[in-house]
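What follows is a set of notes on a single structure, which appears directly below.
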Amino acid sequence: MKLKRSFYARPCLEVARDLIGKHLIHRRGDRLLGGRIVEVEAYVHEEDQACHARFGPTPRALTLYGEPGHAYVFLIYGMYDCFNVVTEPKGSPAAVLIRALEPQEDVAKLGKTDGPGKLCRTLGISRTHNGLDLTADLIWIESRRDKSPKVVTTPRIGVDYAGRWARKPWRFLDPNSPYVSRRK
DNA sequence: ATCCAGATGGTC
DNA sequence: ACCATCTGGATA
């Protein structure tokens, strides 16, 4: 069942935890590419010194200030895209980065999905999808009748520059999944 | 197994 | 001058 706008409109940390075990789907032509979400990170408000909204509503960060349930996709290190879902009501900049998927069906044949850059590459998600409404029919997240996964938290990856914000336990993952990205 | 340099370009 | 990454090569 496709997640509705009300799911995304809640506090970012709640949405992040609840996204573990959901399924991200991208309709590519006549195929559905996707997988089970096993790792995410929350980026929460302007005061979070790791969040792209820390400089206010700059051109890049504008999507974060928009309606919940839309995609925020940005370029990192000049060669990879990262896919996020915008959370919380309009005007409250917060988003959840999707970091790893357990690939579904034959998606694994297309590439790896154990990292934010890799999963975008494999699913065919790019900056052209920035601002896309995730309650529509191109890219969406759905819940299935799975047993609810165990969820643990750790600090976020690659944000050591953010001082005390780097130590917030805002990375959520399913510790039983072999598809979480490595690193500590 | 860990360490690390290099690729590559948008953003502030 | 960074940077929410990844790969491949060197080392052990």
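Since the model is a prediction, treat every value here as computed from it, not as a measurement.
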Looking at [Y], is its backbone amide N or carbonyl O close enough to the side chain of [X] to form a donor-acceptor pair, meaning the two atoms are under 3.5 Å apart?
{"X": "A/Arg5", "Y": "A/Pro68", "answer": "yes"}
{"X": "A/Glu39", "Y": "A/Ser181", "answer": "yes"}
{"X": "A/Glu41", "Y": "A/Ile157", "answer": "yes"}

Please walk me through it: do A/Asn130 and A/Tyr72 pass side chain to side chain contact (heavy atoms under 4.5 Å, CB included)? CA-CA 5 Å; A/Asn130 186 43; A/Tyr72 171 52; 3.5 Å; yes
Whole Å only: how far is the [atom1] atom of [X] from the [atom2] atom of [N]?
{"X": "A/Tyr72", "N": "C/dA4", "atom1": "OH", "atom2": "C1'", "result": "9 Å"}
{"X": "A/Leu64", "N": "C/dA4", "atom1": "CG", "atom2": "P", "result": "13 Å"}
{"X": "A/Ile98", "N": "C/dT5", "atom1": "CD1", "atom2": "P", "result": "14 Å"}
{"X": "A/Asn84", "N": "C/dA4", "atom1": "CG", "atom2": "P", "result": "11 Å"}
{"X": "A/Phe74", "N": "C/dC2", "atom1": "CZ", "atom2": "P", "result": "19 Å"}
{"X": "A/Arg171", "N": "C/dA4", "atom1": "CZ", "atom2": "C1'", "result": "12 Å"}

Got a sec? Which of [range] come in under 4.0 Å of DNA chain C, heavy atoms?
{"range": "residues 126-133 of chain A", "value": "none"}
{"range": "residues 42-60 of chain A", "value": "A/Tyr43, A/Ala50, A/His52"}
{"range": "residues 10-26 of chain A", "value": "none"}

Pairwise side-chain contact, A/His70 with A/Asp133, heavy-atom cut-off 4.5 Å (strictly under):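 A/His70 vs A/Asp133: side chains touch.
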Residue pairs passing the ring-ring contact (aromatic ring centres under 6.0 Å, His included) test where at least one lies in [range], sequence neighbours excluded:
{"range": "residues 81-115 of chain A", "value": "none"}
{"range": "residues 132-173 of chain A", "value": "none"}
{"range": "residues 105-125 of chain A", "value": "none"}

Basic-acidic side-chain contact under 4.0 Å: A/Asp48, A/Lys168: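 Salt bridge: no.
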Consider only side-chain heavy atoms of I, L, V, M, F, W and Y, link residues closer than 4.5 Å, and tell whether A/Val44 and A/Val86 are in one cluster.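 Looking at the clustering, A/Val86 is in a separate group from A/Val44.
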May I ask whether A/Val96 and A/Leu119 are part of the same hydrophobic cluster, defined by side-chain heavy atoms of I, L, V, M, F, W, Y residues being less than 4.5 angstrom apart, directly or through others?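 Same cluster.
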How would you label the contact of A/Leu75 with the nucleic acid (heavy atoms, under 4.0 Å): base, sugar-phosphate, or nothing?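 Sugar-phosphate only.
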Base, sugar-phosphate, or nothing for A/Gly78, non-hydrogen atoms under 4.0 angstrom?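 The answer is base, as A/Gly78 lies within the cut-off (heavy atoms under 4.0 Å) of a base atom.
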Quick one: ring pair (Phe, Tyr, Trp, His ring centres under 6.0 Å) partners of A/His26, sequence neighbours excluded?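 Ring pair (Phe, Tyr, Trp, His ring centres under 6.0 Å) check on A/His26 returns A/His129.
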Pairing stems for DNA chain C [at least three consecutive pairs; Watson-Crick or G-U; under 3.5 angstrom]: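 Listed by first number, the stems are B:1-7 with C:5-11, B:9-11 with C:1-3.
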Flag this pair as yes if the NZ/CZ of A/Arg156 is under 6.0 angstrom from the six-membered ring centre of A/Tyr43 and inside a 45 degree cone about the axis; otherwise no.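 Geometry flag: set, cation within 6.0 Å and 45°.
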Output a table of donor-acceptor pairs, distance under 3.5 Å, between side-chain atoms of residues 73-81 of chain A and any protein atom two or more places apart or on a different chain; print 'none' if there are none.
unit_1	atom_1	unit_2	atom_2	d
A/Asp81	OD1	A/Arg127	NE	3.1

Less than 4.0 angstrom between a side-chain N/O of A/Lys118 and OP1 or OP2 of C/dT7, yes or no?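 Answer is yes, contact under 4.0 Å.
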Taking only residues two or more places apart in sequence, or in another chain, which ones meet A/Asp146 in a side chain to side chain donor-acceptor pair (under 3.5 Å)?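 A/Asp146: side chain to side chain donor-acceptor pair (under 3.5 Å) contacts with A/His23.
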What are the 5'-most and 3'-most nucleotides of DNA chain B lying under 4.0 Å from any heavy atom of chain A?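 Endpoints of the contacted stretch of DNA chain B: B/dA7 to B/dC12.
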Tell me which donor-acceptor pairs under 3.5 Å the side chains of residues 7-22 of chain A have, and how far apart each pair is, sequence neighbours excluded?
unit_1	atom_1	unit_2	atom_2	d
A/Arg10	NE	A/Phe7	O	3.0
A/Arg10	NH1	A/Asp18	OD2	2.9
A/Arg10	NH2	A/Asp18	OD2	3.0
A/Lys22	NZ	A/Asp18	O	2.8

